[in-house]
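Right, one structure below, let's go through it.
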Amino acid sequence: MKDLYTIGEAPPLGHVPARMYAQVIRQARFGEPTTSFQQEVIETPEIGADDALVYVMAAGVNYNNVWAGLGSPVDVIGARQKQGEPWDHHIGGSDASGIVWRVGDNVTNVKVGDEVVVHCGSWDIHAPEVLSGEDPMFSPSFKIWGYETTWGSFAQFTKVQAHQCLPKARHLSWEAAAAPTLVGSTAYRMLFGWAPHSVRENDVVLVWGGAGGLGSMAIQLAANVGAKPVAVISNDNKIDFCKRLGAVGCINRKAFDHWGRLPNWEDTEATGKFTAGARAFGKAIWDVLGERRNPRIVFEHPGQDTVPTSQFVCDTGGMIVICAGTTGYNADVDLRYLWMRQKRLQGSHFANDTQASAFNNLVLDGKIDPCLSRTFRFDQTGDCHQLMYENRHPDGNMAILVGAPREGMTTIE
Ligand code: NAP
(Lines give C-alpha, C1' and ligand atoms only; values in the text may rest on other atoms or scores of the structure.)
Protein backbone atom coordinates (compact mmCIF):
# COMPACT_ATOMS: atom_id res chain seq x y z
CA MET A 1 0.00 0.00 0.00
CA LYS A 2 1.32 3.43 -0.94
CA ASP A 3 0.68 6.72 0.77
CA LEU A 4 0.35 8.61 -2.56
CA TYR A 5 -0.99 7.47 -5.95
CA THR A 6 -0.56 9.20 -9.29
CA ILE A 7 -3.64 10.68 -11.00
CA GLY A 8 -5.62 7.85 -12.62
CA GLU A 9 -3.93 5.13 -10.54
CA ALA A 10 -6.65 3.81 -8.22
CA PRO A 11 -5.71 2.56 -4.74
CA PRO A 12 -7.29 -0.75 -3.69
CA LEU A 13 -10.99 -0.16 -2.88
CA GLY A 14 -11.29 1.22 0.64
CA HIS A 15 -7.58 1.99 1.08
CA VAL A 16 -7.18 5.69 1.81
CA PRO A 17 -3.65 6.99 1.16
CA ALA A 18 -2.33 9.61 3.57
CA ARG A 19 -1.77 12.13 0.79
CA MET A 20 -3.40 13.02 -2.52
CA TYR A 21 -3.06 15.29 -5.52
CA ALA A 22 -5.35 18.31 -5.58
CA GLN A 23 -5.85 21.56 -7.48
CA VAL A 24 -5.39 24.06 -4.72
CA ILE A 25 -6.28 27.75 -4.37
CA ARG A 26 -4.34 29.87 -1.85
CA GLN A 27 -4.86 33.50 -0.86
CA ALA A 28 -1.42 34.53 -2.18
CA ARG A 29 -2.48 33.33 -5.67
CA PHE A 30 -5.93 34.94 -5.82
CA GLY A 31 -6.48 36.13 -9.38
CA GLU A 32 -7.45 34.75 -12.77
CA PRO A 33 -7.99 30.98 -12.87
CA THR A 34 -4.74 30.04 -14.66
CA THR A 35 -2.88 31.60 -11.72
CA SER A 36 -5.14 30.74 -8.82
CA PHE A 37 -5.34 26.97 -9.42
CA GLN A 38 -2.10 25.02 -8.83
CA GLN A 39 -1.54 21.30 -8.44
CA GLU A 40 -0.23 20.30 -5.01
CA VAL A 41 0.19 17.21 -2.87
CA ILE A 42 -1.88 17.62 0.27
CA GLU A 43 -3.18 15.46 3.11
CA THR A 44 -6.26 13.37 2.38
CA PRO A 45 -9.17 14.72 4.45
CA GLU A 46 -10.48 12.83 7.44
CA ILE A 47 -14.20 12.23 7.60
CA GLY A 48 -16.71 12.48 10.44
CA ALA A 49 -19.47 10.12 11.51
CA ASP A 50 -22.05 11.47 9.02
CA ASP A 51 -19.62 11.83 6.10
CA ALA A 52 -18.43 9.83 3.13
CA LEU A 53 -15.04 9.95 1.44
CA VAL A 54 -15.49 9.72 -2.32
CA TYR A 55 -12.76 8.69 -4.77
CA VAL A 56 -13.31 11.26 -7.49
CA MET A 57 -13.55 9.89 -11.02
CA ALA A 58 -14.55 13.17 -12.65
CA ALA A 59 -15.38 16.69 -11.48
CA GLY A 60 -17.83 19.18 -12.97
CA VAL A 61 -16.81 22.77 -13.67
CA ASN A 62 -18.86 25.67 -12.30
CA TYR A 63 -18.58 29.41 -12.16
CA ASN A 64 -18.33 29.42 -8.35
CA ASN A 65 -14.68 28.41 -8.39
CA VAL A 66 -13.87 31.20 -10.80
CA TRP A 67 -15.10 33.42 -7.95
CA ALA A 68 -13.20 31.38 -5.32
CA GLY A 69 -9.95 31.78 -7.28
CA LEU A 70 -10.50 35.51 -7.72
CA GLY A 71 -11.00 35.86 -3.97
CA SER A 72 -14.05 37.94 -4.87
CA PRO A 73 -16.77 38.75 -3.94
CA VAL A 74 -15.79 36.58 -0.96
CA ASP A 75 -12.39 35.34 0.22
CA VAL A 76 -13.64 31.83 0.96
CA ILE A 77 -10.48 30.85 2.85
CA GLY A 78 -10.50 33.95 5.07
CA ALA A 79 -14.23 33.56 5.70
CA ARG A 80 -13.75 29.99 6.94
CA GLN A 81 -10.78 30.95 9.10
CA LYS A 82 -12.97 33.60 10.75
CA GLN A 83 -15.38 30.77 11.62
CA GLY A 84 -12.50 28.89 13.29
CA GLU A 85 -11.38 26.53 10.51
CA PRO A 86 -7.63 25.83 10.58
CA TRP A 87 -7.03 25.38 6.83
CA ASP A 88 -5.23 28.01 4.75
CA HIS A 89 -6.16 26.48 1.39
CA HIS A 90 -9.25 25.87 -0.75
CA ILE A 91 -9.89 22.82 -2.90
CA GLY A 92 -12.73 23.80 -5.21
CA GLY A 93 -15.11 21.60 -7.14
CA SER A 94 -18.87 21.44 -6.44
CA ASP A 95 -19.75 18.58 -8.78
CA ALA A 96 -18.36 15.06 -8.81
CA SER A 97 -18.90 11.53 -9.93
CA GLY A 98 -16.99 8.84 -8.11
CA ILE A 99 -16.88 5.79 -5.88
CA VAL A 100 -17.64 5.78 -2.16
CA TRP A 101 -14.29 4.82 -0.56
CA ARG A 102 -15.00 5.17 3.17
CA VAL A 103 -18.07 6.00 5.25
CA GLY A 104 -18.54 7.37 8.76
CA ASP A 105 -20.12 5.34 11.57
CA ASN A 106 -23.61 6.86 11.22
CA VAL A 107 -23.90 6.49 7.45
CA THR A 108 -26.59 4.16 6.12
CA ASN A 109 -27.58 5.57 2.70
CA VAL A 110 -24.35 4.59 0.89
CA LYS A 111 -21.64 1.96 1.28
CA VAL A 112 -18.05 1.48 0.12
CA GLY A 113 -18.00 0.70 -3.61
CA ASP A 114 -21.21 2.59 -4.53
CA GLU A 115 -20.99 4.64 -7.73
CA VAL A 116 -22.40 8.08 -7.01
CA VAL A 117 -22.72 11.68 -8.05
CA VAL A 118 -22.50 14.34 -5.39
CA HIS A 119 -24.81 17.32 -4.96
CA CYS A 120 -23.27 20.39 -3.43
CA GLY A 121 -25.75 21.21 -0.63
CA SER A 122 -24.29 20.76 2.86
CA TRP A 123 -25.71 21.78 6.22
CA ASP A 124 -25.62 20.81 9.86
CA ILE A 125 -27.87 17.78 9.78
CA HIS A 126 -28.26 18.02 13.58
CA ALA A 127 -29.30 21.70 13.64
CA PRO A 128 -32.70 22.15 15.35
CA GLU A 129 -34.26 23.89 12.35
CA VAL A 130 -33.13 21.07 10.05
CA LEU A 131 -34.37 18.38 12.43
CA SER A 132 -37.70 20.21 12.67
CA GLY A 133 -38.21 19.65 8.95
CA GLU A 134 -37.61 23.21 7.74
CA ASP A 135 -36.00 23.54 4.31
CA PRO A 136 -32.27 23.12 5.10
CA MET A 137 -31.57 25.74 2.42
CA PHE A 138 -32.80 28.26 5.01
CA SER A 139 -30.54 26.95 7.78
CA PRO A 140 -27.74 29.34 8.82
CA SER A 141 -25.45 26.29 8.60
CA PHE A 142 -26.05 25.89 4.84
CA LYS A 143 -22.84 25.80 2.77
CA ILE A 144 -22.05 25.02 -0.85
CA TRP A 145 -19.63 22.09 -0.75
CA GLY A 146 -16.50 22.80 -2.82
CA TYR A 147 -17.02 26.55 -2.56
CA GLU A 148 -17.82 27.36 1.04
CA THR A 149 -16.19 24.14 2.28
CA THR A 150 -12.51 23.18 2.06
CA TRP A 151 -12.42 19.76 0.43
CA GLY A 152 -14.15 19.90 -2.97
CA SER A 153 -13.86 17.61 -5.99
CA PHE A 154 -10.74 18.94 -7.74
CA ALA A 155 -8.73 16.27 -5.91
CA GLN A 156 -8.34 12.50 -5.84
CA PHE A 157 -10.58 12.28 -2.77
CA THR A 158 -13.35 14.53 -1.56
CA LYS A 159 -15.05 14.75 1.80
CA VAL A 160 -18.85 15.02 1.58
CA GLN A 161 -21.83 14.62 3.87
CA ALA A 162 -23.33 11.23 3.03
CA HIS A 163 -26.75 12.76 2.20
CA GLN A 164 -25.09 14.58 -0.72
CA CYS A 165 -24.52 11.27 -2.52
CA LEU A 166 -27.02 10.28 -5.21
CA PRO A 167 -26.94 7.28 -7.55
CA LYS A 168 -24.89 7.74 -10.71
CA ALA A 169 -26.73 7.13 -13.98
CA ARG A 170 -25.36 3.91 -15.45
CA HIS A 171 -25.84 5.09 -19.04
CA LEU A 172 -23.52 8.08 -18.53
CA SER A 173 -19.71 8.20 -18.59
CA TRP A 174 -18.01 9.43 -15.42
CA GLU A 175 -17.41 12.83 -16.98
CA ALA A 176 -20.97 13.25 -18.29
CA ALA A 177 -22.34 12.20 -14.90
CA ALA A 178 -20.15 14.77 -13.13
CA ALA A 179 -21.34 17.67 -15.28
CA PRO A 180 -24.95 18.68 -14.51
CA THR A 181 -25.91 18.25 -10.83
CA LEU A 182 -25.10 21.73 -9.49
CA VAL A 183 -26.64 23.70 -12.33
CA GLY A 184 -29.49 21.24 -12.84
CA SER A 185 -30.56 21.13 -9.19
CA THR A 186 -30.31 24.93 -8.97
CA ALA A 187 -32.48 25.29 -12.06
CA TYR A 188 -34.92 22.74 -10.65
CA ARG A 189 -35.48 24.73 -7.44
CA MET A 190 -35.79 27.96 -9.44
CA LEU A 191 -38.44 26.51 -11.73
CA PHE A 192 -40.34 24.21 -9.36
CA GLY A 193 -39.50 25.40 -5.84
CA TRP A 194 -41.45 28.64 -5.56
CA ALA A 195 -45.17 27.82 -5.67
CA PRO A 196 -47.49 28.97 -7.05
CA HIS A 197 -44.92 29.94 -9.68
CA SER A 198 -43.93 26.40 -10.60
CA VAL A 199 -43.51 26.03 -14.33
CA ARG A 200 -46.62 24.58 -15.98
CA GLU A 201 -47.52 23.32 -19.41
CA ASN A 202 -47.69 26.14 -21.97
CA ASP A 203 -46.01 28.73 -19.68
CA VAL A 204 -43.63 31.06 -21.49
CA VAL A 205 -40.24 30.88 -19.72
CA LEU A 206 -37.51 33.36 -20.61
CA VAL A 207 -34.09 31.75 -20.05
CA TRP A 208 -31.06 34.03 -19.91
CA GLY A 209 -27.79 32.41 -21.03
CA GLY A 210 -29.73 29.58 -22.66
CA ALA A 211 -26.57 27.84 -23.89
CA GLY A 212 -24.80 28.13 -20.51
CA GLY A 213 -24.69 25.66 -17.64
CA LEU A 214 -27.84 26.84 -15.86
CA GLY A 215 -29.64 27.79 -19.05
CA SER A 216 -29.14 24.43 -20.76
CA MET A 217 -30.75 22.73 -17.75
CA ALA A 218 -33.57 25.29 -17.45
CA ILE A 219 -34.56 24.84 -21.10
CA GLN A 220 -34.80 21.06 -20.68
CA LEU A 221 -36.67 21.22 -17.36
CA ALA A 222 -39.21 23.67 -18.78
CA ALA A 223 -39.61 21.75 -22.04
CA ASN A 224 -40.09 18.48 -20.12
CA VAL A 225 -43.33 19.82 -18.60
CA GLY A 226 -44.57 21.24 -21.90
CA ALA A 227 -43.64 24.87 -21.23
CA LYS A 228 -42.28 27.20 -23.92
CA PRO A 229 -38.70 28.21 -23.12
CA VAL A 230 -37.33 31.20 -25.03
CA ALA A 231 -33.53 31.27 -24.81
CA VAL A 232 -31.35 34.38 -24.80
CA ILE A 233 -27.92 33.98 -26.39
CA SER A 234 -25.08 36.20 -27.59
CA ASN A 235 -24.20 34.38 -30.80
CA ASP A 236 -26.44 32.81 -33.44
CA ASN A 237 -24.21 29.73 -33.46
CA LYS A 238 -25.92 28.77 -30.16
CA ILE A 239 -29.41 28.61 -31.70
CA ASP A 240 -29.28 24.95 -32.76
CA PHE A 241 -27.96 23.87 -29.37
CA CYS A 242 -30.81 25.62 -27.51
CA LYS A 243 -33.48 24.38 -29.92
CA ARG A 244 -32.21 20.81 -29.65
CA LEU A 245 -32.75 21.05 -25.87
CA GLY A 246 -36.33 22.22 -26.35
CA ALA A 247 -36.23 26.02 -26.74
CA VAL A 248 -39.04 27.30 -28.98
CA GLY A 249 -36.61 29.91 -30.24
CA CYS A 250 -33.75 32.24 -29.36
CA ILE A 251 -33.06 35.96 -29.05
CA ASN A 252 -29.57 37.28 -29.71
CA ARG A 253 -28.96 39.90 -26.99
CA LYS A 254 -26.29 41.57 -29.15
CA ALA A 255 -29.11 43.05 -31.24
CA PHE A 256 -29.99 45.35 -28.29
CA ASP A 257 -28.05 48.00 -26.40
CA HIS A 258 -30.24 49.06 -23.49
CA TRP A 259 -28.51 46.82 -20.91
CA GLY A 260 -27.29 47.89 -17.50
CA ARG A 261 -28.72 49.86 -14.65
CA LEU A 262 -31.88 51.91 -15.01
CA PRO A 263 -31.53 55.65 -15.49
CA ASN A 264 -32.99 57.91 -12.83
CA TRP A 265 -36.78 57.75 -13.26
CA GLU A 266 -36.90 61.55 -13.38
CA ASP A 267 -34.67 61.57 -16.47
CA THR A 268 -37.46 61.27 -19.04
CA GLU A 269 -35.25 61.05 -22.10
CA ALA A 270 -32.96 58.30 -20.75
CA THR A 271 -35.92 56.42 -19.29
CA GLY A 272 -37.66 56.59 -22.66
CA LYS A 273 -34.58 55.16 -24.34
CA PHE A 274 -34.44 52.24 -21.90
CA THR A 275 -38.16 51.60 -22.29
CA ALA A 276 -37.85 51.51 -26.08
CA GLY A 277 -35.05 48.93 -25.80
CA ALA A 278 -36.93 46.79 -23.30
CA ARG A 279 -40.11 47.01 -25.40
CA ALA A 280 -38.21 45.90 -28.51
CA PHE A 281 -36.81 42.97 -26.54
CA GLY A 282 -40.34 42.07 -25.41
CA LYS A 283 -41.48 42.18 -29.03
CA ALA A 284 -38.63 39.81 -29.92
CA ILE A 285 -40.12 37.33 -27.41
CA TRP A 286 -43.53 37.62 -29.15
CA ASP A 287 -41.85 37.12 -32.53
CA VAL A 288 -40.21 33.91 -31.32
CA LEU A 289 -43.52 32.66 -29.90
CA GLY A 290 -45.66 33.78 -32.81
CA GLU A 291 -48.14 35.22 -30.29
CA ARG A 292 -48.31 38.18 -27.91
CA ARG A 293 -47.60 36.42 -24.62
CA ASN A 294 -45.16 37.48 -21.93
CA PRO A 295 -43.02 35.16 -19.81
CA ARG A 296 -44.76 33.90 -16.67
CA ILE A 297 -41.32 32.91 -15.40
CA VAL A 298 -38.06 34.75 -16.09
CA PHE A 299 -35.01 32.63 -15.30
CA GLU A 300 -32.42 35.19 -14.17
CA HIS A 301 -28.73 35.05 -13.29
CA PRO A 302 -26.81 37.75 -15.27
CA GLY A 303 -28.22 40.27 -12.76
CA GLN A 304 -27.34 43.92 -13.06
CA ASP A 305 -27.26 44.09 -16.87
CA THR A 306 -30.54 42.29 -17.40
CA VAL A 307 -32.86 42.55 -14.36
CA PRO A 308 -34.46 45.84 -15.50
CA THR A 309 -35.43 44.14 -18.76
CA SER A 310 -36.50 40.96 -16.99
CA GLN A 311 -38.89 42.82 -14.74
CA PHE A 312 -40.21 44.84 -17.71
CA VAL A 313 -41.04 41.81 -19.86
CA CYS A 314 -42.28 39.52 -17.06
CA ASP A 315 -46.03 38.92 -17.31
CA THR A 316 -48.53 40.40 -14.84
CA GLY A 317 -48.55 38.09 -11.84
CA GLY A 318 -45.36 36.38 -13.05
CA MET A 319 -42.04 35.72 -11.33
CA ILE A 320 -38.45 36.72 -11.99
CA VAL A 321 -36.42 34.07 -10.18
CA ILE A 322 -32.72 34.85 -9.71
CA CYS A 323 -29.73 32.92 -8.40
CA ALA A 324 -26.75 35.10 -9.33
CA GLY A 325 -25.49 38.48 -10.40
CA THR A 326 -22.73 37.61 -12.85
CA THR A 327 -22.67 41.12 -14.35
CA GLY A 328 -23.08 42.98 -11.04
CA TYR A 329 -25.19 43.12 -7.93
CA ASN A 330 -27.09 46.40 -8.21
CA ALA A 331 -30.20 45.23 -9.98
CA ASP A 332 -32.60 48.10 -10.48
CA VAL A 333 -36.32 47.49 -10.37
CA ASP A 334 -38.89 50.04 -11.49
CA LEU A 335 -41.27 49.62 -8.59
CA ARG A 336 -44.20 50.98 -10.59
CA TYR A 337 -44.19 47.86 -12.78
CA LEU A 338 -43.46 45.56 -9.86
CA TRP A 339 -46.46 46.56 -7.77
CA MET A 340 -48.98 47.58 -10.42
CA ARG A 341 -48.43 44.36 -12.38
CA GLN A 342 -47.95 42.34 -9.17
CA LYS A 343 -44.73 40.67 -10.23
CA ARG A 344 -42.54 38.64 -7.93
CA LEU A 345 -38.77 38.98 -7.68
CA GLN A 346 -37.61 35.78 -6.00
CA GLY A 347 -34.08 34.89 -4.85
CA SER A 348 -33.13 31.23 -5.13
CA HIS A 349 -30.03 29.32 -4.15
CA PHE A 350 -28.98 25.76 -5.01
CA ALA A 351 -31.45 23.08 -3.82
CA ASN A 352 -32.37 20.80 -0.92
CA ASP A 353 -32.00 16.98 -0.91
CA THR A 354 -35.50 16.44 -2.30
CA GLN A 355 -34.97 18.84 -5.20
CA ALA A 356 -31.46 17.55 -6.02
CA SER A 357 -32.80 14.02 -5.96
CA ALA A 358 -35.79 14.94 -8.17
CA PHE A 359 -33.37 16.43 -10.69
CA ASN A 360 -31.09 13.39 -10.49
CA ASN A 361 -34.07 11.10 -11.11
CA LEU A 362 -34.68 12.93 -14.39
CA VAL A 363 -31.02 12.30 -15.28
CA LEU A 364 -31.35 8.61 -14.29
CA ASP A 365 -34.45 8.34 -16.50
CA GLY A 366 -32.57 9.83 -19.47
CA LYS A 367 -34.88 12.87 -19.53
CA ILE A 368 -32.03 15.34 -19.03
CA ASP A 369 -28.98 15.55 -21.25
CA PRO A 370 -26.05 16.64 -19.03
CA CYS A 371 -24.82 18.69 -22.01
CA LEU A 372 -21.21 17.72 -21.51
CA SER A 373 -19.36 19.93 -23.94
CA ARG A 374 -15.75 19.26 -23.29
CA THR A 375 -13.58 17.20 -20.97
CA PHE A 376 -10.25 18.36 -19.58
CA ARG A 377 -7.25 16.75 -17.94
CA PHE A 378 -6.72 17.28 -14.23
CA ASP A 379 -3.77 19.60 -14.90
CA GLN A 380 -6.08 21.76 -17.07
CA THR A 381 -8.35 22.71 -14.16
CA GLY A 382 -7.20 26.34 -14.29
CA ASP A 383 -7.51 26.45 -18.09
CA CYS A 384 -11.17 25.44 -18.26
CA HIS A 385 -12.05 27.91 -15.51
CA GLN A 386 -10.17 30.58 -17.45
CA LEU A 387 -12.36 29.88 -20.51
CA MET A 388 -15.40 30.30 -18.29
CA TYR A 389 -14.04 33.51 -16.75
CA GLU A 390 -13.61 34.92 -20.27
CA ASN A 391 -17.06 33.65 -21.41
CA ARG A 392 -15.21 31.67 -24.13
CA HIS A 393 -16.24 28.25 -22.84
CA PRO A 394 -18.27 25.88 -25.03
CA ASP A 395 -22.05 25.49 -24.75
CA GLY A 396 -23.37 23.40 -21.85
CA ASN A 397 -21.16 21.99 -19.09
CA MET A 398 -17.49 21.08 -18.83
CA ALA A 399 -15.87 18.31 -16.79
CA ILE A 400 -12.39 17.34 -15.60
CA LEU A 401 -11.10 13.76 -15.44
CA VAL A 402 -9.56 12.89 -12.10
CA GLY A 403 -9.54 9.11 -11.53
CA ALA A 404 -11.41 8.13 -14.70
CA PRO A 405 -9.57 6.76 -17.74
CA ARG A 406 -8.44 9.25 -20.32
CA GLU A 407 -9.73 7.75 -23.58
CA GLY A 408 -11.74 9.93 -25.89
CA MET A 409 -11.24 13.21 -24.06
CA THR A 410 -10.56 16.47 -25.81
CA THR A 411 -7.73 18.78 -24.85
CA ILE A 412 -7.56 22.51 -24.66
CA GLU A 413 -6.19 24.30 -27.72
P1 NAP B 1 -22.28 29.94 -17.74
O2 NAP B 1 -22.25 28.53 -18.21
O3 NAP B 1 -21.11 30.81 -17.96
O4 NAP B 1 -23.58 30.62 -18.39
C5 NAP B 1 -23.90 31.94 -18.14
C6 NAP B 1 -24.40 32.57 -19.43
O7 NAP B 1 -24.76 33.92 -19.14
C8 NAP B 1 -23.36 32.64 -20.51
O9 NAP B 1 -23.39 31.49 -21.30
C10 NAP B 1 -23.77 33.87 -21.28
O11 NAP B 1 -24.53 33.49 -22.42
C12 NAP B 1 -24.70 34.63 -20.34
N13 NAP B 1 -24.20 35.98 -20.12
C14 NAP B 1 -22.93 36.37 -19.90
N15 NAP B 1 -22.87 37.70 -19.81
C16 NAP B 1 -24.13 38.16 -19.97
C17 NAP B 1 -24.70 39.45 -20.01
N18 NAP B 1 -23.95 40.55 -19.85
N19 NAP B 1 -26.03 39.54 -20.22
C20 NAP B 1 -26.79 38.44 -20.40
N21 NAP B 1 -26.30 37.19 -20.39
C22 NAP B 1 -24.98 37.06 -20.16
O23 NAP B 1 -22.55 30.01 -16.17
P24 NAP B 1 -23.64 29.22 -15.31
O25 NAP B 1 -23.03 27.97 -14.81
O26 NAP B 1 -24.90 29.15 -16.07
O27 NAP B 1 -23.77 30.21 -14.07
C28 NAP B 1 -24.25 31.54 -14.27
C29 NAP B 1 -24.16 32.30 -12.93
O30 NAP B 1 -24.98 31.66 -11.98
C31 NAP B 1 -22.76 32.35 -12.34
O32 NAP B 1 -22.56 33.62 -11.73
C33 NAP B 1 -22.80 31.27 -11.27
O34 NAP B 1 -21.87 31.47 -10.23
C35 NAP B 1 -24.23 31.40 -10.79
N36 NAP B 1 -24.81 30.17 -10.19
C37 NAP B 1 -25.45 30.30 -8.98
C38 NAP B 1 -26.00 29.17 -8.39
C39 NAP B 1 -26.68 29.25 -7.06
O40 NAP B 1 -27.03 28.23 -6.48
N41 NAP B 1 -26.91 30.42 -6.50
C42 NAP B 1 -25.91 27.92 -9.03
C43 NAP B 1 -25.31 27.85 -10.30
C44 NAP B 1 -24.75 28.99 -10.86
P45 NAP B 1 -24.59 34.39 -23.74
O46 NAP B 1 -23.27 35.11 -23.84
O47 NAP B 1 -24.82 33.40 -24.84
O48 NAP B 1 -25.76 35.32 -23.54
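Read the numbers this way: they start at 1 and go in the same order the structure lists the ligands and their atoms.
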Mode of [X] contact toward ligand 1 - side chain, backbone, both, neither (heavy atoms, under 4.0 Å):
X	value
Trp67	side chain
Ala324	side chain
Asn391	side chain
Asn235	neither
Val66	neither
Pro302	side chain

Residues which pass side chain to side chain contact (heavy atoms under 4.5 Å, CB included) with Asp287, listed by chain and number, not counting sequence neighbours | Lys283
Pairing residues for Gln39 by the side chain to side chain contact (heavy atoms under 4.5 Å, CB included) criterion, not counting sequence neighbours =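 Listed in chain order: Tyr21, Gln23, Phe378, Asp379.
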Give the atoms of ligand 1, by number and element, whose distance to some non-hydrogen atom of Val183 is under 4.0 Å.
-> 25 (O)
Is the gap between the ring centers of Phe350 and Trp145 under 6.0 Å?
-> no
Report yes or no: does a heavy atom of Asn62 sit under 4.0 Å from some atom of ligand 1?
-> no
Among all protein heavy atoms, pick out the one at the shortest distance from atom 31 (C) of ligand 1; state its residue, atom name and that distance to 0.1 Å.
-> Thr326 OG1, 3.5 Å
Starting from atom 36 (N) of ligand 1, find the nearest protein heavy-atom neighbour and note its residue, name and distance.
->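 Of every protein heavy atom, Leu214 CD1, 4.0 Å lies nearest to atom 36 (N) of ligand 1.
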